[in-house]
Engineer: 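Please see the structure below; I have some questions.
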Amino acid sequence: MPELPEVETVANGVHERVHGQRIERVWTSGKPQTFKSPEEEIAEVLTGARIERVRRVGKTIVMSVARGSGETAEFLIHLGMTGRLLVSAAEVALPPHTHAVLSLSGGNEVRFVDARRFGRLSVAAAYDGPGAEPLTIGEDAFVALFRGRKLAIKAALLNQSLLHGVGNIYADESLFRAGIRPTRQAGRLTRAELLRLRERLVEVLRHAIKLGGSSVSDYVDADGVRGFFQLEHKVYGRAGENCHDCGKGLKKIVVGGRTTVYCPGCQR
DNA sequence: CTGACATCCTGACGGC
DNA sequence: TGCCGTCAGGATGTCA
């Protein structure tokens, strides 16, 4: 499932291939829940516009476009669980479950493909995301996010209006690396523990970006290429196996409605 | 307001 | 071999 590192990989890959190109035609599938903005509005805003930049904000891919009279707009792509944003030659057959196609001046197409349809497309005047950016938030601001919160730290990490970009994989991996049990009340962690968590979270996100993200489920980048960080998962997807650090059996529980794996030896 | 929980959707996988 | 049930999960909406 695409989280910050996967979305960053896709956004950068798409940017390299499409920036500066003009969108000549827009096709959408008509599946209602995929579109947060009306399809006609998406087509109207994007048709004829030039793609200036494609970047990541939280888990959302933001495509900035320039329109005729100097106006700008943002095309927002959320991949959900199984969404893919691919850049392909127009001659290549459309994959099943394609929900949007932007035909570009250079002859390529940007395609949004999403089997499970948890992904969402919309247009907006501007977009900042719901929460703070994990890679740049300062120490004090990070600590303040969790102050007074009674929910489990794992659930807090998944709450996009606090931090945006962290999902199930990187929540579990950062908590393991910080030695913190996912069920601990967020507001009861010490400042030192939270600072350690912030440091490990940034570390794991940056490392995963370097490896092109984690390929579990069917995540691929703009070229359809898989990432490699899944080979370095220490807890995610390893329930029942032994901890690489202490040898104890990794436990699987549910926190915040999500499958959670942790090491009872290493995480306190 | 905060937090817990169900819901959406379909492919993959395990059991028989 | 093939069928069926179960599971996966990000965001949203509902409810206490």
Side-chain angles (χ1 to χ4, degrees), chain A residues 1-11 29-37 56-62 76-85 94-100 112-122 124 127-134 144-175 182-189 205 208 213-220 224 226-227 229-230 233 235-241 250-262:
Chain A
M1 48 277 8
E3 304 179 27
L4 188 153
E6 293 78 30
V7 177
E8 173 117 0
T9 303
V10 172
S29 65
K31 294 282 183 194
Q33 71 272 45
T34 298
F35 302 93
K36 269 172 82 183
S37 304
R56 175 195 64 77
V57 176
K59 293 181 199 170
T60 300
I61 298 169
V62 181
L76 309 180
I77 301 117
H78 195 295
L79 300 176
M81 264 192 77
T82 52
R84 301 176 177 199
L85 194 67
L94 284 186
H97 309 294
T98 299
H99 294 293
F112 177 69
V113 179
D114 186 14
R116 215 164 287 182
R117 280 191 271 148
F118 276 30
R120 295 291 180 267
L121 303 178
S122 60
Y127 184 73
D128 277 331
E133 176 57 46
L145 287 180
F146 303 102
R147 195 166 294 147
R149 303 236 159 226
K150 294 192 169 160
L151 80 175
I153 183 64
K154 159 85 183 264
L157 283 174
L158 293 178
N159 183 340
Q160 303 295 299
S161 55
L162 297 177
L163 273 183
H164 62 204
V166 181
N168 210 27
I169 298 173
Y170 299 99
D172 277 8
E173 292 297 317
S174 61
L175 285 165
T183 47
R184 296 268 306 278
Q185 251 186 39
R188 296 207 152 175
L189 293 177
L205 291 173
S214 300
S215 285
V216 293
S217 183
D218 51 1
Y219 161 77
V220 290
R226 294 163 58 84
F229 188 71
Q230 69 279 6
H233 290 175
V235 284
Y236 182 87
R238 298 194 60 238
E241 297 176 41
L250 299 177
K251 286 222 149 69
K252 177 165 144 177
I253 56 174
V254 173
V255 181
R258 289 285 162 267
T259 298
T260 299
V261 184
Y262 73 98

Engineer: Once you round it to whole Å, what is the distance between C1' of B/dG11 and NE2 of A/His97?
Structural biologist: 8 Å

Engineer: Classify the ring geometry of A/Tyr170 against A/His233: parallel below 30°, tilted from 30° to 60°, perpendicular beyond 60°.
Structural biologist: perpendicular

Engineer: Can you give me the first and the last nucleotide of DNA chain C (5' to 3') that has an atom within less than 4.0 angstrom of a non-hydrogen atom in chain A?
Structural biologist: C/dA8 to C/dT12

Engineer: Report yes if the side chains of A/Thr34 and A/Asp114 come closer than 4.5 Å at any heavy-atom pair, otherwise no.
Structural biologist: no

Engineer: Are the side chains of A/His78 and A/Thr60 in contact, using a 4.5 Å heavy-atom criterion?
Structural biologist: yes

Engineer: Is there a side-chain contact between A/Phe146 and A/Leu157, using heavy atoms and a 4.5 Å cut-off?
Structural biologist: yes

Engineer: Any donor-acceptor pair under 3.5 Å linking the side chain of A/Gln160 with the backbone of A/Gly165?
Structural biologist: yes

Engineer: Mind checking if A/Lys252 touches a base, just sugar-phosphate, or nothing, with heavy atoms under 4.0 Å?
Structural biologist: sugar-phosphate

Engineer: Tell me, please, which residues at least two apart from A/Lys154 pass salt bridge (Lys or Arg N to Asp or Glu O under 4.0 Å).
Structural biologist: A/Asp172

Engineer: Residues two or more places apart in sequence or in another chain: which of them pass side-chain contact (heavy atoms from CB on, under 4.5 Å) with A/Glu133?
Structural biologist: A/Leu4, A/Arg56, A/Leu135, A/Thr136, A/His164

Engineer: Tell me, for nucleotides 2-9 of chain B in 5' to 3' order, what letter each nucleotide earns: B for a base near a protein heavy atom under 4.0 Å, S for only sugar-phosphate near one, - for neither?
Structural biologist: SSS---BB

Engineer: Sequence neighbours excluded, which residues qualify as salt bridge (Lys or Arg N to Asp or Glu O under 4.0 Å) partners of A/Glu3?
Structural biologist: none

Engineer: Locate the shortest heavy-atom distance separating A/Pro2 from A/Gly80; write the atom from each residue and the value.
Structural biologist: CD-O, 3.3 Å

Engineer: Apply side chain to side chain contact (heavy atoms under 4.5 Å, CB included) to A/Lys252 and A/Thr259, showing your working.
Structural biologist: CA-CA 7 Å; A/Lys252 177 165 144 177; A/Thr259 298; 3.9 Å; yes

Engineer: Dot-bracket for DNA chain B, 5' to 3', counting Watson-Crick or G-U wobble pairs under 3.5 Å, with [ ] for crossing pairs and | for inter-strand pairs?
Structural biologist: .|||||||||||||||

Engineer: Categorize A/Lys31 for me: base, sugar-phosphate, or nothing, with a 4.0 angstrom heavy-atom threshold over every strand shown.
Structural biologist: nothing

